[in-house]
Amino acid sequence: MSFEPITGRYLNISVQGRRQRIYVEIAGQGTPVLCLHTAGADTRQWRHILNDAELTSAHQFFAFDMPWHGKSLPPEGFQTEEYLLTTDAYMETVLAVSRALGLDRPILAGCSMGGRIALQLAALHGDAFSGFIAIEASDFQPAWYDIDWFHRPDAHGGEMGAALVSANISPHAPQAERWNTLWMFMQSGPGVFRGDLSFYTRDDSLIGRLAQIDTVRTPVHLLVGAYDLTCTPEDAKRTAAAIPGATCTVMEDLGHFPMSEHPAGFRPFFADALTRMKVPADV
């Protein structure tokens, strides 16, 4: 028998006055890194990083399922409401999880909608973190598809979501990891992917806040896959250019879900990003 070095725990917090039971996975020791999954998925996307012996020897990784995602159940009374993620609720959730875990200015690493909210937090709550790794993130990305297809009575929302995701996975991704990634979206709860995409494709408030980000105190590094159709390299470069002092790397051979779709290809880029999060001692 061989157990992986990942510990799963449940965390009880309050977000906007509602009790939330949050599932968290933890691995490693050292500098704390809080990891955010993409829309419609869960923390399984980060399993390869949490199993990386070299990275976890110097970093303690915390990856959690947002409410309504993975092992984090929706709040009581969810059956009478429509799930629509908002910027305020998202930021409050991340901050509440970080506080409840007792993290002292962790690095925040988020992908897709997680990368977008990382930049929002960099602008509005930068002092709560020591650096930001925004993966497949841009200032704003309007939908080039109808998000209602992901929650209709005449279509399977999970399979529709997986179809969209498949188009954003690099052709270089190993087949096993491509299908593991797609499976997470096929399992998504009814309306959850649509509710996440409502936030991702309709909230453009970050655009006017990018200049507020202080990269001297909290470094910002963007990572973007060359095969990402949703957040293209041009989108990420445009966003980085609007943040004084931010840096950006295009990841060849990768798509929109790099840590999940092609973990071996993603690792060197992520390891480099972690080294960029060190702030001079006199700041």
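Scope of the values below: all heavy atoms of this structure, side chains included, with no hydrogens, waters or symmetry mates.
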Q: Show the numbers, then the answer: is there a side-chain contact (heavy atoms from CB on, under 4.5 Å) between Thr93 and Gln20?
A: CA-CA 9 Å; Thr93 301; Gln20 301 283 359; over 6 Å; no
Q: Tell me whether Leu210 shares a hydrophobic cluster with Leu223, the cluster being built from Ile, Leu, Val, Met, Phe, Trp, Tyr side chains joined at under 4.5 Å.
A: no
Q: Are Ile243 and Phe132 connected in the hydrophobic side-chain network, where two residues link if heavy atoms are under 4.5 Å apart?
A: yes
Q: For Val250 and Pro233, which heavy atoms make the closest approach, and how far apart are they?
A: CG2-CB, 4.0 Å
Q: Are the side chain of Thr232 and the backbone of Asp228 linked by a donor-acceptor contact shorter than 3.5 Å?
A: no
Q: From Leu36 CG over to Asp65 CG, what is the distance, rounded to the nearest 0.5 angstrom?
A: 11.5 Å
Q: According to the salt bridge (charged side-chain N to carboxylate O under 4.0 Å, His left out) rule, which pairs have a member within residues 82-103, sequence neighbours left out?
A: Glu82-Arg194
Q: Counting C-beta onward and ignoring hydrogens, is there a side-chain heavy-atom pair between Leu85 and Met66 closer than 4.5 Å?
A: yes
Q: Counting N and O atoms only, with roles assigned by atom type, does the side chain of His256 sit under 3.5 Å from a partner on the main chain of Val165, one being a donor and the other an acceptor?
A: no
Q: If you compare all heavy atoms of Val192 against all heavy atoms of His69, which two are closest, and at what distance to 0.1 Å?
A: CG1-NE2, 3.3 Å
Q: Between Asp272 and Arg276, is there a salt bridge with N-O shorter than 4.0 Å?
A: yes
Q: Within the distance-only criterion (no hydrogens, no angle test), does the side chain of Glu261 pair as donor or acceptor with the backbone N or O of Leu254 below 3.5 angstrom?
A: no
Q: Could you walk me through whether Val97 and Val94 pass side-chain contact (heavy atoms from CB on, under 4.5 Å), step by step?
A: CA-CA 5 Å; Val97 168; Val94 176; 6.0 Å; no
Q: Does Glu54 have any salt bridge (charged side-chain N to carboxylate O under 4.0 Å, His left out) partners at least two apart in sequence or in another chain, and if so, which?
A: Arg267
Q: Has the side chain of Thr239 got a donor or acceptor atom that lies under 3.5 Å from a matching backbone atom of Asp235?
A: yes
Q: Check whether the side chains of Thr247 and His221 place a donor and an acceptor atom closer than 3.5 Å, and report yes or no.
A: yes
Q: Quick one: salt bridge (charged side-chain N to carboxylate O under 4.0 Å, His left out) pairs with a partner in residues 5-24, sequence neighbours left out?
A: Arg18-Glu81
Q: Please assess Phe64 against Leu11 for the test side-chain contact (heavy atoms from CB on, under 4.5 Å), listing each intermediate value before the final yes or no.
A: CA-CA 9 Å; Phe64 72 95; Leu11 189 67; over 6 Å; no
Q: Tell me the closest heavy-atom pair linking Gly115 and Ala134, and the distance in Å.
A: O-CB, 3.8 Å
Q: For residues 10-29, which residue pairs qualify under ring pair (Phe, Tyr, Trp, His ring centres under 6.0 Å), counting only residues two or more places apart or in two chains?
A: Tyr10-Tyr23
Q: Among Phe150, Trp149, Tyr83, whose ring-ring contact (aromatic ring centres under 6.0 Å, His included) with Phe193 holds?
A: Phe150
Q: So how far is it from Phe269 CZ to Met251 CE, rounded to the nearest 0.5 Å?
A: 7.0 Å
Q: Do side-chain atoms of His59 reach the backbone of Leu55 as a donor and acceptor pair under 3.5 angstrom?
A: yes
Q: Closest approach of Val15 and Ala89, non-hydrogen atoms and distance?
A: CG1-O, 4.0 Å
Q: Can any side-chain N or O of Gln60 pair as donor or acceptor with the backbone N or O of Ile26 at less than 3.5 Å?
A: no
Q: Can you confirm whether more than 12 heavy atoms, excluding those of Gln29, are under 6.0 Å from its CD atom?
A: no
Q: Indicate yes or no for a side-chain donor-acceptor contact from Glu4 to the backbone of Asn51 under 3.5 Å, with no hydrogens or angles considered.
A: no
Q: Might you work through the side chain to side chain donor-acceptor pair (under 3.5 Å) test for Asp253 and Ser170, ending with a clear yes or no?
A: CA-CA 6 Å; Asp253 299 336; Ser170 165; 5.8 Å; no
Q: Counting only N and O atoms by type, is there a donor-acceptor contact under 3.5 Å from the side chain of Thr56 to the main-chain atoms of Asp52?
A: yes
Q: By the ring pair (Phe, Tyr, Trp, His ring centres under 6.0 Å) test, which pairs, at least two apart or in different chains, include something from residues 88-114?
A: Tyr90-Phe199
Q: Will you find, in the side chains of Gln141 and Thr230, an N or O donor that is under 3.5 Å from an N or O acceptor?
A: no
Q: For a 4.5 angstrom cut-off between non-hydrogen side-chain atoms, does Leu182 reach Ser166?
A: yes
Q: Within the distance-only criterion (no hydrogens, no angle test), does the side chain of Thr215 pair as donor or acceptor with the backbone N or O of Pro244 below 3.5 angstrom?
A: yes
Q: Cation over ring, Arg44 on Trp46, under 6.0 Å and within 45°?
A: no
Q: Applying side-chain contact (heavy atoms from CB on, under 4.5 Å), run through Cys111 and His37 and close with a yes or a no.
A: CA-CA 6 Å; Cys111 185; His37 59 73; over 6 Å; no
Q: Please report the closest heavy-atom contact between Ala137 and Leu222, naming both atoms and the distance.
A: O-CD2, 3.7 Å
Q: Is a side-chain N or O of Thr181 found less than 3.5 angstrom from the main chain of Glu177, in a donor-acceptor match?
A: yes
Q: For a ring-ring contact (aromatic ring centres under 6.0 Å, His included) check, start with the C-alpha distance between Phe257 and Phe266, then their side-chain angles and the critical distance, and finish with the verdict.
A: CA-CA 9 Å; Phe257 311 89; Phe266 174 66; over 10 Å; no
Q: What pairs meet the ring pair (Phe, Tyr, Trp, His ring centres under 6.0 Å) rule with one or both residues in residues 153-182, with sequence neighbours excluded?
A: His172-Tyr227
Q: Using every non-hydrogen atom in the two residues, find where Leu164 and Asn168 come nearest and quote the distance to one decimal.
A: O-ND2, 3.3 Å
Q: Quick one: does Gln120's side chain get under 4.5 Å of Met91's, heavy atoms only?
A: yes
